[in-house]
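Here is the structure we will look at.
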Amino acid sequence: MSFFESLRDKAVATITQVLDKKEEVKLTKDELFCKEYNLPDGETILSESAAEVGVKSSHNKDAYKNIPFPQGRVYATQHFLVFRDLFDHRNCCFTIHLLSVKKVERLPSRDYGFALTITTHSQISVTLYLIGLRSDSEKFAQTLKVILKKNLSNINKFQIFLKTCYSEYLLAKNQISNEKIDSPPNGGLGLEFKFPGNAKDSKDKSKMKLWFDLFRVDGRNLSLIKTPMFYKLVRVGLPNRLRGEIWELCCGSMYLRLADQTEYEKLLSQNMHKKSIAIEEIEKDLNRSLPEYSGYQSPIGIERLRRVLTAFSWKNPEIGYCQAMNIVVAALLIYMSEEQAFWTLNLLCDKIVPGYYSKTMYGTLLDQRVFESLVQSTLPMIWEHVEKNDIQLSVVSLPWFLSLYLTSMPLVFAFRIIDIFFLQGAKTLFQVGLAILKVNGEELLKTNDDGTFISIIKEYFNTLDQSAHPNSPNPKFRNITKFQELLVTAFKEFSIINDEMINKHRLKYRDSIFQNISSFVKRTEIRNLPKLANIDQATLSIIYDRFYAFVESYNVTLGSGSSLMDFKAFKRFMNDICDWIDNRDHQGAGVTTDDFLRRLFDNWDVEGAGFISLSDLVIGLNKLVEKDLMTSISNFFELYDVRKLGRIDREGILQVSEDLLCITSPWKDGILFDRITDGLISQTALNEQKKNPDFEGEIIIDRLKFEHQQIERYLSGASTFIQRAFEYAQPVEEEILIQDLVMDNKISHNAALNPNTPVFVNLPTFRMVVLADETYELFFSKTFRKSIHLDKPLDSKFDSIRNLRSMFDGLLADGRKVARVVRDRVDVAANNVLHNNEDNSSMKSSKSKVHEEEEERDDDFGVISINEADKDLLLGAEAQVLTDPVHPGSGANRDLKRLHQENGNVPDSERKDEKGEIKNLIEFDNS
Amino acid sequence: MSFPNPATSVKLVLLGEAAVGKSSLVLRFVSNDFQENKEPTIGAAFLTQKCTIGERTIKYEIWDTAGQERFALLAPMYYRNAQAALVVYDITKPASFIKARHWVKELHEQASKDITIALVGNKFDLVEDDEEDSLRKVSVEEGQNLAEEEGLLFFETSAKTSYNVNEVFIGIGSKIPDSSANQPEAIRENNQGRIDLTSNNASGGSSGSGDCAC
């Protein structure tokens, strides 16, 4: 069960930091910051300041004219300049990658104080009016200067990167930017095999135009100013050709791709001919991933899918490949290039839905539990019904989460959900799930089994494009589709479901989920152990717990993890259950029980690797507590017959006797009594009673007397043993005579006593020697076995729950650590690239394949104007769902106005149209 | 004198290693169909099919689970309350037989006590014309022995040629006692069946709360 082992390995690796933390691993301020702004791991806040922000676009000077300066906080990190509106971050926030900064000017200080104007690649100028002490502002400016300088060395990377962005291509093509981009960048399969759905129905052209306008005014990719319009445009559904780029911008995988532009190819070339379980599993599923999409009926699509999944499995061997990932990647690849999909998948598994596809799928299990709990609190009627009828909700909802709704809904709708999912994260999955149940609530309440429950929802998914209110007299209502209704329910009614709430719930159920997982792992592992005569199931369970308790807690101090036990851990393990382990510090020479333990360990370590597995341990222990006297003696004999020749030589005999002396110490020193002594004591007591039948009180036994007797017995046992062993040992030359061993063979006797003659004892002799002494016979038949307490309960200090929790935290923490390491590697790699690609810009591909005329023309906004009817896009139900609380209701109109006001590039005739439309819009809104 | 017997609902779960043909067996049984490239099962697929055995009609509620190893952790969710299980392996893949052994043990330890389990060696078509049995890696005897040890029904099937597939479900159905299907509901159902003589469609009535929905 190697994957369980590797799971434990992971857990152990990070156990130290979390052992005593009850709470979630506390994130540092910087980690929280990165999480909130989807920045790559490792960014830290180098300087921050309160600020007011003014934005100007060279393409539309008045775009920001009527907007009050947003107030908030600005942060500088190693690679980013981040701003967030203090009152409502959706009003204005930006994450500008410093590579896209062209110029920073300090404005002449006036009464306002300290101001910096930053001009970006997308010809937007952002003026930061820093608020606070002048010295602090100076410091901020200074920091910015330093990090900008540092980033300068990577500018080449930025130039290459821009050519991979569809937004840049779009603007260059329409002569808005000065970039020279002749051919469209690599994109999704949709470019070649058509995008799912009907572009006309989804008003793709108009959406494209709106994004085009937004890019001009608010910037794009690495230097985008996010205003309410941005969120709205995401919510109404992304246009096909920009979808991939906006996804990676929303979730932050764009930054990963920028940072390492070679890793993807490197992973593939370095592992070209390697095999792995993951690769095998991937191969099985390649032809089973969205097979109905034409791109996956072609080797082109299959090959892309194979490459992305394979590269991911090499980068993340602890995840490898999980079914459902094939569906997700297949979906991403329709809109994204391989590299975009690769980095997005990484981010998905690392940050957005951690643990969903891990080897135990703990994230999936946990979120199902969280979902159930959210249903319980937000839809109590449905919950009660489900409980009463014993319907297990997670069997219905699990595929929703695991495949991000891609296998549940028709693709066009699933992609709309995914648009929002990348924008606002995992909570989207919960919000949509709750909305599905709520919308179908009435029907669901009539069912009483899983089957009907599932078929209702299946039917619902298949009719998402139909009217939600087919019988409504109001045509406006009639036009609302079930899907729109779902979105409104999800993002309006269930907007209370936020990240904080989900995290709280995850924390709450984490332990119980992990308990389940670990008991499953334990069951499986115990089941995999060989059948053993001397150890029962209950004892196995205790051994299992103890094994991992010692393996883990021991390795913590080393900082390395393993599900194998080394000698030190083995010693501690045995010390915990055996009566005869000598704990004293033995400085220098002298035989200790360590020698015997070492012998056991080496014997059990079948492969001689220096480690034993749980299975090795259990097999060994089984021999150690053998009930049959003869077998028990021969097991012992085997320990010293290292070369398996069936004999123990002179050195070995001496070892045996010394080890026996050591491991019999507790009895030899009179600390423990064996059965003989116990027998004598009770006999004495009985005799006393017989002598004095009327005696009522306590019978006093002279313990010391019995102790001495026993000590005598053991000492004599030891000396008899060595004496007899040598007496009956045979010289090596006389090997032939082994069978007819004669007790009083004078010659061999003499030879054996001569220390220069090599001698040995074989198993029959050894047995005879042991059996000749009553004490030793008893030792092998009972005393020793009874001194090993395999079923001793594990000390409470090994709180298994705590270990579980640590395991869990470990898994999470590990993901972050890995990312950081990667990041460091990335920076090194980036420097190399810089030197190697002196003039990469000349390497432009001229293979610009002309696609279908019509599709291509979608991008030429100088020629084509937006369809009037399509303007209601922004007034549609979904667009309005998340209206910003600061300016409720005003959003759409004002934003549209802002984008289309005074636009130098638009011909006069069209400008009238725009105005006309705006008027229309206002009327529409008032109605 | 034949009453239309109400259908007894039986929850059945399929377990087994990835790509041994669990979904194909179900597809064969439910729609008498076979597909070479099926989308992998995410979590589990749910299907129903009725099966008439003598006087009885059994409505199978089939949970077809994902076979990839890591999905094993989700299995308890699906075999919970199951009255029957098919543990499937591929007779050309010894590892899948070992996995089957695990599943049998897991079910005996964790599932309902009276669960009826059938051990199914699938892909019989691959060895059918194979005179020397060179592709077969798990012998009939091995399968039979395991079945005997653990008290299971045993079948070798081919979802591709449909060999023995229906027999599996009939076999399971005949082994499931009438009363074990949803105890309280079964009684209610029987009562309904007796009282409601006019109803000629066992599954049609939606009046009673205990009626089995389709």
Side-chain angles (χ1 to χ4, degrees), chain A residues 1 3-4 277 280-281 284-292 319-324 326-327 357-362 364-365 368 389-390 392 394-403 406-408 446-455 458 513 516-517 519-521 523-524 527-528 537, chain B residues 9-11 13 17-20 23 35-49 59-63 65-82 95 98-99 101-106 108-110 182 184-185 206 208-214:
Chain A
M1 294 270 106
F3 84 79
F4 294 125
I277 294 173
E280 269 172 48
E281 289 174 329
K284 272 187 206 166
D285 288 348
L286 286 176
N287 286 316
R288 318 202 278 168
S289 319
L290 305 184
E292 68 282 7
I319 295 178
Y321 167 74
C322 176
Q323 282 183 338
N326 61 325
I327 309 275
Y357 309 111
S358 79
K359 285 193 174 154
T360 55
M361 303 182 74
Y362 68 88
T364 305
L365 289 164
Q368 286 313 301
N389 290 284
D390 201 19
Q392 196 164 6
S394 46
V395 302
V396 185
S397 55
L398 185 132
W400 301 349
F401 285 73
L402 202 55
S403 69
L406 284 160
T407 51
S408 316
K446 290 182 203 153
T447 65
N448 45 31
D449 64 302
D450 303 346
T452 328
F453 202 91
I454 286 179
S455 50
K458 213 172 182 178
I513 291 295
N516 286 347
I517 292 178
S519 72
F520 184 89
V521 173
R523 249 183 2 246
T524 315
R527 212 176 282 144
N528 278 329
Q537 283 296 310
Chain B
S9 288
V10 170
K11 179 175 171 185
V13 62
E17 207 183 52
V20 295
S23 301
Q35 283 173 20
E36 291 284 352
N37 286 330
K38 274 202 94 273
E39 269 199 48
T41 315
I42 304 299
F46 178 81
L47 298 104
T48 58
Q49 172 72 328
K59 183 187 163 215
Y60 282 112
E61 294 174 353
I62 303 169
W63 285 101
T65 64
Q68 204 193 4
E69 176 123 37
R70 60 190 76 187
F71 282 81
L73 271 154
L74 309 181
M77 208 151 95
Y78 301 106
Y79 66 60
R80 196 186 70 117
N81 296 339
I98 295 174
K99 195 91 230 168
R101 207 181 269 279
H102 282 293
W103 278 121
V104 172
K105 283 191 192 163
E106 169 83 5
H108 278 322
E109 282 170 31
Q110 301 292 322
N182 298 344
E185 247 138 297
S206 57
S209 59
D211 207 0
C212 132
C214 286

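Per chain, numbering begins at 1; letters A, B, ... match sequence-line order.
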Q.
Taking side chain as everything from C-beta outward and backbone as N, CA, C, O, which of these in A75(B) sits under 4.5 Å from a heavy atom of chain A? Side chain, backbone, both or neither.
A. neither

Q) For E280(A), is it the side chain, the backbone, both, or neither that has a heavy atom closer than 4.5 Å to a heavy atom of chain B? A) neither

Q: Would you check if Q368(A) and L74(B) make a side-chain contact, meaning some heavy-atom pair closer than 4.5 Å?
A: no

**Q.** Proximal component of A18(B), with respect to chain A [non-hydrogen, under 4.5 Å]
**A.** both

Q | Main-chain N/O of Q323(A) paired to R70(B) side chain as donor or acceptor, under 3.5 Å | A | no

Q | Side-chain heavy atoms of M361(A) within contact of L73(B), under 4.5 Å | A | no

Q) Hey, what do you get for OG1 (T452(A)) to CD (E61(B)), rounding to the nearest 0.5 Å? A) 7.5 Å

Q) Is the CD atom of Q537(A) crowded by more than 12 outside heavy atoms at less than 6.0 Å? A) no

Q | L398(A) CG to Y78(B) OH distance, which is reported to the nearest 0.5 Å | A | 4.5 Å

Q. In terms of heavy-atom proximity below 4.5 Å to chain B, should L406(A) be classed as side chain, backbone, both, or neither?
A. neither

**Q.** K11(B) NZ to D449(A) CG distance, which is reported to the nearest 0.5 Å
**A.** 10.5 Å

Q) What's the spacing between Q392(A) CD and M77(B) CE if we round to 0.5 Å? A) 6.0 Å

**Q.** Nearest-0.5 Å distance, CD1 of residue I42(B) to CZ of residue F401(A)
**A.** 15.0 Å

**Q.** Spacing of CZ belonging to F71(B) relative to SG belonging to C322(A), to within rounding of 0.5 Å
**A.** 4.0 Å

Q. Under 4.0 Å between a Lys/Arg side-chain N and an Asp/Glu carboxylate O for R80(B) and D390(A)?
A. yes

Q | SB check R527(A) E106(B) (cutoff 4.0 Å) | A | yes

Q. Quick one: of S403(A), S289(A), S358(A), who has the most non-hydrogen atom pairs under 4.5 Å with chain B?
A. S358(A)

Q | Pairwise side-chain contact, Q110(B) with R523(A), heavy-atom cut-off 4.5 Å (strictly under) | A | yes

Q: Heavy-atom distances under 4.5 Å only: say whether T407(A) touches chain B with side chain, backbone, both or neither.
A: side chain

Q) Is the closest side-chain heavy-atom distance between K458(A) and F46(B) below 4.5 Å? A) no

Q.
Is Y321(A) in contact with chain B via its backbone, its side chain, both, or neither, using a 4.5 Å heavy-atom distance?
A. both

